[in-house]
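Below: one structure, written as structure tokens.
We count ligands from 1, going down the list as the structure has it; atoms in each ligand are counted the same way. Keep in mind that the numbers below use all heavy atoms, side chains included, and drop hydrogens, waters and symmetry copies.
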Amino acid sequence: MSRLLHRRTVLAGIATSSLAPSGPSSTLPGGPVQAATPRIRYGAAAMKENFNEDPRYRAAIIEHCDIITPMNDLKWEALRPERGKFNFEDADRILAFAQKAGKAIRGHALCWYNAMPTWAQGLRTGAEAERELRQHIETVLARYKGVISSWDVVNEAIAHDPTPTRPWRDTIWNRLLGPAHIDIAFETAARADPAAELVYNDYDYENVGPRFEARRRITLDMIRRLQAKKIPIHGVGIQAHLYAERAIDEEGIVRFGADLQALGVKMLVTELDLIDWRLPADIRQRDIAAARHVETFLDAASTAQPGLPVITWGITDKYSWVGETFPRTDKLAARPLPLDESYRAKPMMDVIQRLRRA
Ligand code: G3I
């Protein structure tokens, strides 16, 4: 049995065994994954500047993607630079393109501590914060009802390194409203667009270690809290900004996916890219190592929840946040995405295409 098939068999067993008895059994993989349905659906986040200026960027998205996420144009700072006004122009342009091309659309992000306009950073009371948060979600979801089918409702609310006494990140939303800001956001979104898939999105779920386990555990507890209050939550977005030097917790991801499924919650991969700053300089070696790391992660994620959406955070190495944020000591350009800087497919794209067809 090949290494890949062996790994999938082991992981599929974990997915089945770790499910609570009440978990749905019909879609669980039993043994080696059959090539019945695609293991993943693929999409990419589109950045306004590149989208508007580079026809090859638009063409690559059309060619390779089933799903599109505007990278920044649905954030508060883009939609509401001035208090009391909404500016939908940039978002509308990308959304019209996606609709015309028949692509599914994910929205990012209705409630985040970052990318907030100056006026919103000055919110002073819980009442004011709740009023602005509810109005924001109601206005945006009303506009894009039937256009955006899935939303990152809350992004990155869990502390970077959570503790039992401090599970939540110190943000303006948590300071003014406590963790109840999560309840408010999901409850408002569910009322504003009952048909939308409502997702909690965060990072550092993917690796081995107590910090990553804690983040997965806090997420499951948060879901149970919302469900006990009859507040809808449909999915958890694993951002998957993968570090090549960090071991993927294959069993942990499969178990997390199975635990989510047992709660009736989907798993999504929402911002996949590969941080290669610790990989060798040689491009061929680097691209193969990056593809193998992504394959290990996607095998685990798609074993627990076959057919899950996988969105890369951009599509070409020509445009990515990774190189500036995680600079290589040899000053070489980062290679985090499925297409290289000349839009040529890399081994990472081969992995994605194989899983789309599998
Ligand atoms: O659009 C303005 C432009 O008009 C202005 O001239 C320029 C210079 O100030 O700024 C432009 O806005 C920038 C925007 O990207 C679009 O380029 C913002 O300053 C800049 O902060 C913003 O960075 C984005 C960042 O989120 C913060 O919103 C990155 O592109 C984006 O890749 C990054 O994505 C985040 C996810 O949303 C959440 N998960 C982590 C991920 C990586 O940080």
Problem set entry | Centroid separation Phe88 to Tyr144 less than 6.0 Å | yes
Exercise. Any idea which protein heavy atom is nearest atom 39 (N) of ligand 1, and the distance to it?
Worked result: Glu271 OE1, 2.7 Å
For this session: Please report the closest heavy-atom contact between Thr316 and Asp340, naming both atoms and the distance.
Result: OG1-O, 2.8 Å
Exercise. Taking the six-membered ring for Trp, are Trp112 and His108 parallel (under 30°), tilted (30 to 60°) or perpendicular (over 60°)?
Worked result: tilted
Seminar exercise, completed: Nearest non-hydrogen protein atom to atom 27 (C) of ligand 1, with distance, is Lys75 NZ, 3.8 Å
Problem set entry | Glu53, CD: over 12 other non-hydrogen atoms inside 6.0 angstrom | yes
Exercise. Will you find, in the side chains of Trp151 and Asp193, an N or O donor that is under 3.5 Å from an N or O acceptor?
Worked result: no
Problem set entry | Per-atom contacts of ligand 1 with Ala115, taking only distances under 4.0 Å to non-hydrogen atoms | 28 (O)
Seminar exercise, completed: The answer for which part of Tyr203 has a heavy atom under 4.0 Å from ligand 1 is neither
Exercise. Which residue from Asn72, Asn114, Asp273, Thr270 reaches closest to atom 14 (C) of ligand 1 through any of its heavy atoms?
Worked result: Asn72
For this session: Note the single closest protein heavy atom to atom 4 (O) of ligand 1, along with its residue, its atom name and the distance in Å.
Result: Lys48 NZ, 4.4 Å
Exercise. Protein heavy atoms: any of them under 4.0 Å from atom 42 (C) of ligand 1?
Worked result: yes
Exercise. What atoms of ligand 1 come within less than 4.0 Å of a heavy atom belonging to Gln239?
Worked result: 39 (N), 40 (C)
Exercise. What are the atoms of ligand 1, with element, lying closer than 4.0 Å to any heavy atom of His108?
Worked result: 36 (C), 37 (O), 38 (C)
Exercise. With under 30° as parallel and over 60° as perpendicular, where do the rings of Trp76 and Trp119 fit, or are they tilted in between?
Worked result: tilted
Exercise. Will you find, in the side chains of Asn207 and Tyr243, an N or O donor that is under 3.5 Å from an N or O acceptor?
Worked result: no
Problem set entry | Protein heavy atom at shortest distance from atom 16 (C) of ligand 1 | Glu49 OE2, 3.3 Å
For this session: From the options Leu74, Ile68, Asp152, select the one residue that forms a side-chain contact (heavy atoms from CB on, under 4.5 Å) with Arg106.
Result: Asp152
Exercise. Mind checking whether His181 and Trp173 have parallel, tilted or perpendicular rings, split at 30° and 60°?
Worked result: parallel
Exercise. Which residue supplies the protein heavy atom nearest to atom 35 (C) of ligand 1, what is that atom called, and how far is it?
Worked result: Trp313 NE1, 3.9 Å
Exercise. Is at least one protein non-hydrogen atom found at under 4.0 angstrom from atom 25 (C) of ligand 1?
Worked result: yes
Exercise. For ligand 1, which atoms sit closer than 4.0 Å to a heavy atom of Glu156?
Worked result: 38 (C), 39 (N), 40 (C)
Problem set entry | Ring-face cation contact, Tyr203 with Arg215, 6.0 Å cut, 45° max | yes
Exercise. With a cut-off of 4.0 Å, which atoms of ligand 1 are near a heavy atom of Asn155?
Worked result: 38 (C)
For this session: Scan the protein's non-hydrogen atoms and note whether one is under 4.0 Å from atom 12 (O) of ligand 1.
Result: no
Exercise. Which protein non-hydrogen atom lies closest to atom 19 (O) of ligand 1, naming both residue and atom, and how far is it?
Worked result: Glu77 OE2, 4.7 Å
